[in-house]
Number of protein chains: 2
Amino acid sequence: MNTSNHIHLASSLVGREGEESGSVSKIETYSFTVEPFHVDFTGHLFLGILGNHLLNAAGRHSHNRGWGIDQLNEAHYTWVLSRLSIELAETPSQYEHVIIETWVESVMKLFTERNFLIRNADDGRIYGYARSIWAMIDMQTRQPSNLLELKGGDILNYVMSVAEKPCPIEKFNVRVRLTDDATTSTVFTHYSDVDINGHINSVKYIEHILDLFPREQFERHRIHRFDIAYKTESYLGDTLTLQREEASEGTHIIEVRKHVGSKEKPAGEVVVQAKIIWQ
Amino acid sequence: MNTSNHIHLASSLVGREGEESGSVSKIETYSFTVEPFHVDFTGHLFLGILGNHLLNAAGRHSHNRGWGIDQLNEAHYTWVLSRLSIELAETPSQYEHVIIETWVESVMKLFTERNFLIRNADDGRIYGYARSIWAMIDMQTRQPSNLLELKGGDILNYVMSVAEKPCPIEKFNVRVRLTDDATTSTVFTHYSDVDINGHINSVKYIEHILDLFPREQFERHRIHRFDIAYKTESYLGDTLTLQREEASEGTHIIEVRKHVGSKEKPAGEVVVQAKIIWQ
């Protein structure tokens, strides 16, 4: 990364006047009520909608501390979500009031780990937790940038040790190995899938993956854990192939690729990989 | 409607203690911020998301006055949306703060008209208005019920005359006449389309209809007005045929049917009809 960009980054991402990093909490809370059109036919919050709220919470946390996506964009940087893992002991129900807490667990040169706690606002019970991994990309070079230099290292002031703020779910650890038993589906992407950057949005992949499952799956099981790795972007108009296989009882592996060649042997670039553990 | 049901309705939908209808405003306000994943590739709010917020605002207005869907459900009644018309001079953009005001324009025996004003919270500019028509259905008989008897006629206390609260957009007035020039598409319905009642949710129809249009349509035009009539329910697993035709320049008519018979001559029950006026 050239020096002039580095200096440009540091000076353009100055914290708001009068705000010492020590005076802003390390944790951001974000509240929402589970809306009628955001629950599935069992009356529980759609996982994609929860993902959307988690990403909103992440955006608010980073924005309020001076390194949100809009602030990075001014210096031609952006945040890119690399991994998301959601583990729920219970899924929120219609009309429940939910609070998401989010904080930074670690900052390394090329990745930062952000965690989430998801709890009920009224009785405090914990629905579950989530973990995410982010990179900061230089929008001009498309290369990951050194997070330790973001705002002169200020982001490090927000790191919370595991002792300070535990996140008692396992880190992302998914190996995708599909066999000939995998079923393959094709999905066309449309206007409603695409975000302001023209990319299929992170939440829409979750929806398309869950739409692979029949009604009975959701009648008999709930999602205990959902892991997703975002490998590369796809765009409005892309056709995607989704391969799905039950790797072990109650655990499904999914691989989404850009559609190239025959449907039977998907060979396009891997877009996302996911694992679902059902209960 | 038999007398015992009528009495049951009136007594179970008692207003909250201490609340005189005269002490609750006739207008409910509902605020939201336009989130990153709720804008399209042009950076403007998805119409389906706006529809979702309008329906949330309607739910909040009716609930806070004692005749919300949850309160009706206790007496085995429910609200059913029959028509929705949205007319926008401007479409909200990412991060804007929006306020929706909603109120009742009229209550008749079998239908009630509810209007909306959509404005910017910070500078007050008006994005547009919406109109909706609702019926109240007896869930056991599936028959429309007499709205004038709901809560002993209390709903009439919330009616605002056009002079009190104007809604300067035309009422729903859509005639669908498709010719052989109509193009036909097929849509399969999935888990993510369906609400807690097992019905394809009202907003998802709007999304599927807009997904019929190619990227270029949204690059060159914005939606000035969207009218939709909800004729009958469809369910998870239904295949829908969507026929679309440009009735006059910039005006498209859409008819969605349950898929029966051949794709070329859709003959299934009409589910929704819509009209889009582009600018």
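Below, read A as the first sequence line, B as the second, and so on, with proteins coming before strands; counting in each chain starts at 1. Keep in mind that what you see is a predicted model, and the values were worked out from it rather than measured.
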>> Need one label for B:His38: side chain, backbone, both or neither, based on atoms under 4.5 Å from any heavy atom in chain A.
In response: side chain

> Which region of A:Ile49, side chain (C-beta onward) or backbone (N, CA, C, O), has a non-hydrogen atom less than 4.5 Å from a non-hydrogen atom of chain B, or is it both or neither?
Replying inline: neither

> Got a second to check how far B:Asn201's CG is from A:Phe37's CZ, nearest 0.5 Å?
Replying inline: 4.5 Å

>> So if I take each residue of residues 213-234 of chain B and look for any heavy atom under 4.5 Å from a heavy atom in chain A, which residues do I end up with?
In response: B:Arg215, B:Phe218

> Nearest 0.5 Å, what's the CG-CG distance between B:Asp40 and A:Asp195?
Replying inline: 10.0 Å

> Which bit of B:Asn56 is near chain A, if near means a heavy-atom gap under 4.5 Å: side chain, backbone, both or neither?
Replying inline: side chain

> With sequence neighbours left out, what residues match A:Ser192 under side chain to side chain donor-acceptor pair (under 3.5 Å)?
Replying inline: B:Asp211

> What's the shortest heavy-atom distance between A:Phe41 and B:Tyr191, and which atoms?
Replying inline: CE2-CD1, 4.0 Å

> If you measure from CZ on A:Arg60 to CD on B:Glu35, what distance do you get to the nearest 0.5 Å?
Replying inline: 9.0 Å

>> Counting only non-hydrogen atoms closer than 4.5 Å, does B:Phe188 touch chain A with its backbone (N, CA, C, O), its side chain (CB onward), both, or neither?
In response: neither

>> Please classify the contact of A:Leu55 with chain B as side chain, backbone, both or neither, using a heavy-atom distance under 4.5 Å.
In response: side chain

>> Below 4.5 Å, heavy-atom pairs only: which of B:Thr42, B:Val39, B:Asn52 has the largest tally toward chain A?
In response: B:Asn52

